[in-house]
Number of protein chains: 2
Amino acid sequence: MADINLTAKLADLANRSSASGTARPASAPEPAWDIIELLFFAYRDFVGDPDEVLAKLGFGRAHHRVLHFVNRNPGMKVADLLDILKITKQSLGRVLKQLVDQNYVLQKEGANDRRQRLLYVTPKGEALALKLAGLQTTRIARALAELGPGTHDVARRFLTAMLDPAGRDRVLRLIARADHARRPNT
Amino acid sequence: MADINLTAKLADLANRSSASGTARPASAPEPAWDIIELLFFAYRDFVGDPDEVLAKLGFGRAHHRVLHFVNRNPGMKVADLLDILKITKQSLGRVLKQLVDQNYVLQKEGANDRRQRLLYVTPKGEALALKLAGLQTTRIARALAELGPGTHDVARRFLTAMLDPAGRDRVLRLIARADHARRPNT
DNA sequence: GATTTATGTCAGCCATATTGACATATTTCG
DNA sequence: CGAAATATGTCAATATGGCTGACATAAATC
């Protein structure tokens, strides 16, 4: 009940138009303070669960990101990973080396192109990736269960709409392709 | 059209149960890959807009967070800010000092308790805070406009539900109080 | 007057990111 | 074939933004 009241109150506050005399130019719309701050806190909590597990292993978020995308896209090239993460190969280098050295990720020479080092998770790596994804899924499932059925779809469409329109299709294709790729046993 | 098709395809993929033979234990639910990855990319884009502006000023995300919360909660104590950001005072110190030195934030001695250094944005600071919030609001408004009316409320409830239940009321109170605090002219 | 509180600061460490330059192996193209 | 482009890795230096621990100061509180 407390939640519901607070949420309603918040909605009320955010929807009413400003009557103040702040310096905000009349041309600009009222900032969406509620969504801005909720996104900040929600994202922090969202990555907080994995962070705890990772910290015990001596890993950080960088390791999580690498492990996540390699698990989701087995056989991906190093260049693909750099492109997704939008970091430099020097930054990736250290993190990837640790994951390889500790047997979470392995690199195979490309069959066609032997310059490539295709990336795969080991069983150990998959287990960790699934553990971390499980934590986040638990949070998501709880959230979606709190709201009505059909919320999964709305949430997905909201988050999709928040993406840069320019890169949107690329992201959606990445997600869809990863869903495909992992269906057959490798 | 491309978007809609891809979104529908994505929904289809995510909702169908796994038929693969991966190492995921039967007890665990299927990871919500779509929400996990969309949240990652959406959040990145969301903070990407401010990042560009900040970079030109020689600031980073840390400065943004400080400026944002001081703007939203004028007169807040340093201790309050530390508590919201969940960082140490040493980390805050550097960033805050730069904002104060460059006249984005000012500190006033507390009227009751003269040990306190209450934090306020200057007009310059408010202008920047509003500029950054404006960029994010534009993205949010675009997203909400793409989806139907009433989506603002669903998005807010979804993000609220994603918060740690333990700290949820605290976050909602913070947001609601900030909305109040800035109504009257200071 | 002693203790606690609010804040600031010094010193050093760590993780993760950056740029630029260069090395190696391999593929591709003229 | 040989040159150029590509995929990857690595060395060195630098920046940001976190962290811990120790200590200092001023003011409030007991």
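Here the structure is a predicted model, which is why all the values come from computation and not from measurement. Below, chain A is the first sequence line, B the second, and so on; all start at residue 1.
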Worksheet item: Is B:R72 salt-bridged to A:E37, going by a charged N under 4.0 Å from an acidic O?
Response: yes

Discussion item. So, using side-chain hydrogen bond (donor to acceptor under 3.5 Å, both in side chains) as the criterion, who are the partners of A:R114 when residues are at least two apart?
Written reply: none

Worksheet item: If you measure only the distance, is there a donor-acceptor pair under 3.5 Å linking the side chains of B:H152 and A:D34?
Response: yes

Worksheet item: How long is the line joining NZ of A:K97 and P of D:dC11, in whole Å?
Response: 9 Å

Discussion item. By nearest atom, which of the nucleotides D:dT8, C:dA6, C:dG8 is closest to the A:A79 side chain?
Written reply: D:dT8

Response to the item:
Atom CD of A:Q116 and atom C1' of C:dT28 are separated, to the nearest Å, by 14 Å

Item to complete: May I have the distance from A:K77 (atom NZ) to D:dG9 (atom P), rounded to whole angstrom?
Response: 13 Å

Practice prompt. Scan nucleotides 19-30 of chain D nucleotide by nucleotide, 5' to 3', and note B when protein non-hydrogen atoms come under 4.0 Å of the base, S if they reach only the sugar-phosphate, - if neither.
Written response: BBBB----BS--

Practice prompt. For DNA chain D, determine which residues of residues 50-69 of chain A have any heavy atom closer than 4.0 angstrom to one of its atoms, and list them numerically.
Written response: none

Worksheet item: At what distance, to the nearest 0.5 angstrom, does CE of B:M162 lie from CZ of A:R44?
Response: 14.5 Å

Worksheet entry | Nucleotide C:dA17, atom C1' - distance to CZ of B:R44 in whole Å | 13 Å

Worksheet item: Hey, what do you get for CZ (B:R115) to NZ (B:K77), rounding to the nearest 0.5 Å?
Response: 8.5 Å

Discussion item. Applying a 3.5 angstrom cut-off to the pairing atoms, does DNA chain C sit in any stems of at least three consecutive Watson-Crick or G-U pairs? List them by first number.
Written reply: C:1-30 with D:1-30

Practice prompt. Taking all non-hydrogen atoms of both residues into account, name the closest pair between B:L135 and B:D49 and its distance.
Written response: CD1-O, 3.7 Å

Item to complete: Search all heavy atoms of B:L144 against all heavy atoms of B:A155 and return the closest pair with its distance.
Response: CD2-CB, 4.3 Å

Worksheet item: If you measure from the Lys or Arg side-chain nitrogens to the Asp or Glu carboxylate oxygens, is any gap between B:K56 and B:E52 under 4.0 Å?
Response: no

Item to complete: Can you run down the ring-ring contact (aromatic ring centres under 6.0 Å, His included) pairs that involve residues 65-85 of chain A, sequence neighbours left out, and say none if there aren't any?
Response: A:H68-B:W33, A:F69-B:F40, A:F69-B:F41

Worksheet item: To the nearest angstrom, how far is A:L82 atom CG from C:dT19 atom C1'?
Response: 15 Å

Enumerate donor-acceptor pairs with a distance under 3.5 Å from any side-chain N or O in residues 97-108 of chain B to protein atoms, sequence neighbours excluded.
unit_1	atom_1	unit_2	atom_2	d
B:K97	NZ	B:D101	OD2	3.0
B:Q98	OE1	B:H63	NE2	3.0

Worksheet entry | Salt-bridge criterion met for A:D164 and A:R168 (N-O under 4.0 Å) | no

Worksheet item: Rounded to the Å, how far apart are A:L96 CG and C:dA15 C1'?
Response: 16 Å

Worksheet item: Can you tell me how far P of C:dG8 sits from CD of B:Q98, to the nearest Å?
Response: 15 Å

